[in-house]
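First comes the structure, then the notes that go with it.
First the proteins, then the strands, lettered A, B, ... as listed; each starts at 1. As the structure is a prediction and not an experimental result, all values here were calculated from the model. Computed from heavy atoms alone, side chains included, the values below leave out hydrogens, waters and symmetry copies.
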Amino acid sequence: MNDKLGNWKRTHRCGELSAGQIGQDVCVMGWVQRRRDHGGLIFIDLRDRDGIVQLALDPDRDPEAHSKAEQVRNEFVLAARGKVSPRPEGTVNPRMKTGEVEIEISELLILNRSETPPFMIDEFSEVAESIRLKYRYLDLRRPALQDNLLMRHRVARTVRNYLDCQGFIEVETPVLTKSTPEGARDYLVPSRVNPGNFYALPQSPQLFKQLLMVSGYDRYFQIVKCFRDEDLRADRQPEFTQIDCEMSFVNRDDVISIMEGMIAEVFLQAIGAEVQLPMARLTYAEAMDRFGVDNPDLRFAMELIDITALVSGSQFKVFADVAASGGLVKALNAKGCSSFSRKELDDLTDFVKIYGAKGLAWVKVTEEGWQSPIAKFFTADELAALNDKLAAEVGDLLLFMADTPAIANEALGRLRGHLGQKLGLAKKDDFKFAWITDFPLLEWDGEERRHVAVHHPFTAPLEEDIGLLDTEPGKARAQAYDLVLNGSEIGGGSVRIHDQAVQSRMFDLLGIGAEEAREKFGFLLDALSFGAPPHGGIAFGLDRLMMILTGADSIRDVIAFPKTQKATCLLSEAPNEVSERQLQELAIRLRKAQK
RNA sequence: GGGGCUGUAGUAGAGUCGGUUACAACGCCGGCCUGUCACGCCGGAGGUCGCGGGUUCGAGUCCCGUCAGCCCCGCCA
């Protein structure tokens with residue numbers, strides 16, 4: 001039989017007790033971290049979310065509490081009253097925040113018992129993630145996850161305070177909304193009241209926040225769940241959280257300036273890091289040229305060098321042919337890496353093949369010159385020119401990639417990131433931000449044989465590129481921007497189209513006919529015709545931001561109840577089959593699973 | 001859809017060349033212990049080697065399949 005709480009009131013949290021409370025009568029409540037039974041004296045480490053404090057139970061002081069303590073096991077829930085006392089000389093524990101004191105217990109309640117947990121609730125035990133996920137409520141008792149979720153709370157609070165001070169108001173938008181073409185696969189929800197019809201869960205509140213601008217709310221934000229039915233990654237969950245913002249009467253620089261202030265405040269409040277403002281900016285074209293990717297990790301240099309022109313006339317056919325057919329030959333200098341083993345070089349080659357590259361040429365720069373399978377193809381002049389262009393020094397490893405521009409950039413750019421990690425150039429407590437601007441507006445989709453929006457269909461072109469929409473739409477740039485931190489895209493947004501005619505033209509370019517546009521986005525087009533102000537916004541991925549702030553390697557470590565890679569929840573066992581009756585109400589008949 | 005890694009008591013691991021009854025640690029249970037703090041000492045219980053099939057006199061070990069977890073490509077406006 002458990003003890004009743006009655007009118008006991010907690011006076012302190014376990015972690016906040018220190019020498020300052022010595023002599024006070026206190027009451028703490030929490031979970032048993034550990035019991036140490038010395039036959040006479042019993043020590044209990046009591047834990048709550050703030051920390052751990054030692055309870056001392058002396059049979060001479062209170063036999064009843066002491067005998068109760070003998071029944072106590074790990075994770076029992078206790079309430080304890082007693083006097084905060086200094087620990088005897090020589091028994092102070094400097095590794096504990098509360099290690100100078102203990103509570104001399106006079107009364108003890110066992111509020112609840114616990115089964116032996118499947119794993120130890122401490123910071124030492126390594127446990128398979130599938131077991132941690134099945135017993136998530138126990139894993140969440142451990143300090144690592146508690147610290148992460150507490151920081152997540154502080155970040156959300158900082159964001160709300162900052163945006164409130166800047167005149168933003170938080171407005172909720174529908175979760176049951178309309179499926180739209182473009183973008184990710186939707187999660188669908190059947191409508192019982194409208195058989196055969198489905199809601200979609202929002203991939204983002206994009207359209208609604210634009211409507212709020214038309215409604216005159218001027219500055220909106222929301223910390224909001226978004227849903228995309230796509231495959232998972234270490235930094236991707238099908239349901240995730242955005243800090244979603246939209247502002248009226250602003251241009252790109254206005255949005256960037258307010259938002260980088262928010263990020264700086266978040267870093268200061270969450271981890272005490274000072275962020276230099278304004279943040280760096282790179283155009284998309286420059287990012288691709290120097291780093292091969294649109295989310296470069298700027299914690300280290302090792303930039304990509306375009307050597308297409310230098311090798312276009314060389315005897316090395318692989319390079320010359322690529323150059324002649326409109327491809328790119330690019331290289332990077334891995335300083336001091338000429339000691340890489342054959343195996344390491346093979347691993348690098350395997351790495352670039354993941355991104356579709358056919359191979360990777362390497363050169364070790366030695367006292368005797370180039371040591372490389374491709375050295376013999378180049379004249380002395382060519383070697384000198386390449387060494388000069390790559391700033392090659394003895395001890396360097398040069399890596400070359402020749403392919404279509406898309407593959408050469410991506411493969412070598414990813415290799416650069418990979419090497420940065422491998423060589424320890426990317427430190428977790430180093431934060432390098434950059435805004436990437438001037439993205440292309442459109443991208444050609446070879447499979448669907450049409451343009452698709454790089455950002456989304458509501459993104460405005462650069463004002464000077466509007467003419468290109470009629471001549472060379474593929475060359476038009478967008479008023480879009482991403483915030484990149486340490487090689488991770490943590491946010492992205494754009495100035496939106498507020499002109500109905502331009503929006504219709506955009507749908508046209510995307511191969512969305514007038515009728516389809518009417519059907520899918522008619523409400524937006526209508527709204528734009530009723531005095532839509534110029535507006536723009538941005539959304540930050542809160543989960544990814546938290547990963548970087550906490551140093552987590554997995555998005556699951558910053559989410560209270562995350563999904564597995566197969567998008568299931570090991571705790572609740574969602575998703576699950578539903579009853580025939582439920583399906584009937586929804587007018588849904590299942591097909592047999594196809595083999 | 002594809003590539004890769006992992007799977008052995010509650011937990012995390014060892015297990016040789018295919019060969020006796022599958023090991024030791026932490027945890028758990030019992031006993032002892034009045035200053036420990038990841039307490040200590042003594043004793044004990046606990047196993048469908050993920051699952052299914054195959055090879056073999058014999059499989060945790062080799063082969064095939066499958067399931068689960070993780071990482072990656074595709075996908076993610």
Side-chain angles (χ1 to χ4, degrees), chain A residues 33-46 52-61 66 73-75 85 87-96 98-99 102 104 115-135 138 180-186 203-204 206-207 226-238 240 350-357 410-411 414 418 439-443 445 447 451-459 478 480 482 489 492-494 506 510 512 539 541 553-556 563-566 568 570:
Chain A
Q33 179 68 31
R34 201 128 188 120
R35 184 189 61 142
R36 290 178 294 280
D37 186 342
H38 288 250
L41 210 54
I42 294 175
F43 297 108
I44 293 173
D45 291 341
L46 196 70
I52 291 176
V53 70
Q54 174 164 286
L55 314 182
L57 291 112
D58 189 329
D60 302 334
R61 188 170 50 243
H66 179 269
R73 295 293 181 272
N74 284 352
E75 301 309 317
S85 310
R87 294 199 188 180
E89 185 91 27
T91 64
V92 166
N93 185 345
R95 285 176 302 169
M96 281 177 82
T98 62
E102 62 191 8
E104 290 179 352
E115 297 292 322
T116 301
F119 52 83
M120 291 287 286
I121 313 299
D122 61 26
E123 64 233 80
F124 310 106
S125 309
E126 291 203 8
V127 184
E129 194 168 13
S130 54
I131 291 167
R132 291 172 49 203
L133 289 172
K134 180 174 176 186
Y135 299 97
L138 297 180
T180 53
E182 306 287 303
R185 199 175 287 117
D186 285 321
Q203 297 178 25
S204 79
Q206 183 60 37
L207 296 175
C226 301
F227 306 87
R228 296 178 188 174
D229 186 5
E230 299 292 348
D231 287 337
L232 292 83
R233 287 287 187 278
D235 63 352
R236 242 161 59 188
Q237 289 266 311
F240 60 99
D350 289 342
F351 180 86
V352 297
K353 283 181 176 169
I354 295 172
Y355 301 96
E410 164 136 51
R414 296 291 168 209
H418 177 70
F439 279 82
L441 185 67
L442 302 165
E443 184 175 46
D445 184 325
E447 207 166 293
H451 283 106
V452 293
V454 168
H455 186 53
H456 58 51
F458 319 107
T459 299
D482 280 357
E489 180 204 323
S494 62
M506 186 70 180
L510 295 170
I512 301 173
D553 290 321
S554 164
I555 196 171
R556 294 180 296 281
K563 301 278 189 288
T564 68
Q565 190 169 47
K566 283 187 71 185
T568 67
L570 295 180

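Nearest to the side-chain atoms of A/Phe124 among the listed nucleotides B/A38, B/C70, B/U34 stands B/A38. Among B/G27, B/A12, B/C33, the nucleotide with an atom closest to any side-chain atom of A/Val127 is B/A12. Of the candidates B/C76, B/G27, B/C73, the closest approach to any side-chain atom of A/Ile354 belongs to B/C73. Nearest to the side chain of A/Thr116, among B/C28, B/G30, B/U34, sits B/C28. Checking B/A38, B/G27, B/U34 against the side-chain heavy atoms of A/Asn93 singles out B/A38 as nearest. Of the candidate nucleotides B/G74, B/A12, B/G27, B/G74 has the atom nearest to the side chain of A/Asp231. Among the nucleotides B/U36, B/C71, B/U34, the one closest to any side-chain atom of A/Asp60 is B/U34. Nearest to the side chain of A/Pro88, among B/C37, B/C70, B/G35, sits B/G35. If you check B/U34, B/G74, B/U36 against the side chain of A/Arg87, the one that comes closest is B/U36.
Contact annotation: side chain of A/Arg132 to base of B/G69, donor-acceptor pair absent below 3.5 Å. Side-chain atoms of A/Asn74 and base atoms of B/G27 include no donor and acceptor less than 3.5 Å apart. A donor N or O paired with an acceptor N or O is found under 3.5 Å between the base of B/U36 and the side-chain atoms of A/Gln54. Under 3.5 Å, the side chain of A/Arg236 and the base of B/C76 form at least one donor-acceptor pair of N or O atoms. Looking at A/Arg36, its side chain has no donor and acceptor atom pair within 3.5 Å of the base of B/C33.
Nucleotides B/G18 and B/G54 are separated by 15 Å at their C1' atoms, to the nearest Å. Remark: the separation of the C1' atoms in B/G1 and B/G58 is 41 Å, to the nearest Å. Between B/G4 and B/G65, the two P atoms lie 12 Å apart (nearest whole Å). Rounded to a whole angstrom, the distance from the P atom of B/G19 to that of B/A59 is 11 Å. Between the P atoms of B/G52 and B/U8, the separation comes to 15 Å (whole Å). Spacing between B/U61 and B/U6 at atom P, rounded to whole Å, works out to 15 Å. Rounded to whole Å, the separation between the C1' atoms of B/G15 and B/U20 comes to 15 Å.
In this structure, A/Pro118 reaches the sugar-phosphate backbone alone: every heavy-atom distance under 4.0 Å involves primed, P, OP1 or OP2 atoms, never a base. When heavy atoms are screened at a 4.0 angstrom cut-off, A/Thr459 is found touching no nucleic acid atom at all. Using a 4.0 Å heavy-atom distance criterion, A/Pro117 is classed as making no nucleic acid contact. Residue contacts shown for A/Arg233 include a base, since a base heavy atom lies under 4.0 Å away. Residue contacts for A/Arg95: at a heavy-atom cut-off of 4.0 Å it reaches the sugar-phosphate backbone alone, with no base atom in range. If you check every strand for non-hydrogen atoms under 4.0 Å, A/Ser125 touches nothing. Counting any heavy atom pair closer than 4.0 Å across all strands shown, A/Glu443 reaches no nucleic acid atom. Residue A/Ala128 is in sugar-phosphate contact alone, with no base atom involved, counting any heavy-atom pair closer than 4.0 Å across all strands shown.
Taking the side chain as every heavy atom from C-beta outward, A/Gln54 and A/Arg36 approach each other to under 4.5 Å.
A donor-acceptor contact shorter than 3.5 Å is absent between the side chain of A/Arg228 and the backbone of A/Arg236. Side-chain atoms of A/Arg87 come within 3.5 Å of backbone N or O of A/Gly99 as a donor-acceptor pair.
A/Phe119 places its CZ atom 13 Å from the C1' atom of B/G27, with the value rounded to the nearest Å.
Taking the six-membered ring where the residue is Trp, A/Phe351 and A/His418 present parallel rings, their angle staying beneath 30° rather than reaching 60°.
As the counterpart of B/G40, B/C32 is assigned, both hydrogen-bonding distances of the Watson-Crick or G-U wobble pattern falling under 3.5 Å.
Ring stacking holds between A/Phe43 and B/U36, with the centres under 5.5 Å apart and the planes within 30 degrees of each other.
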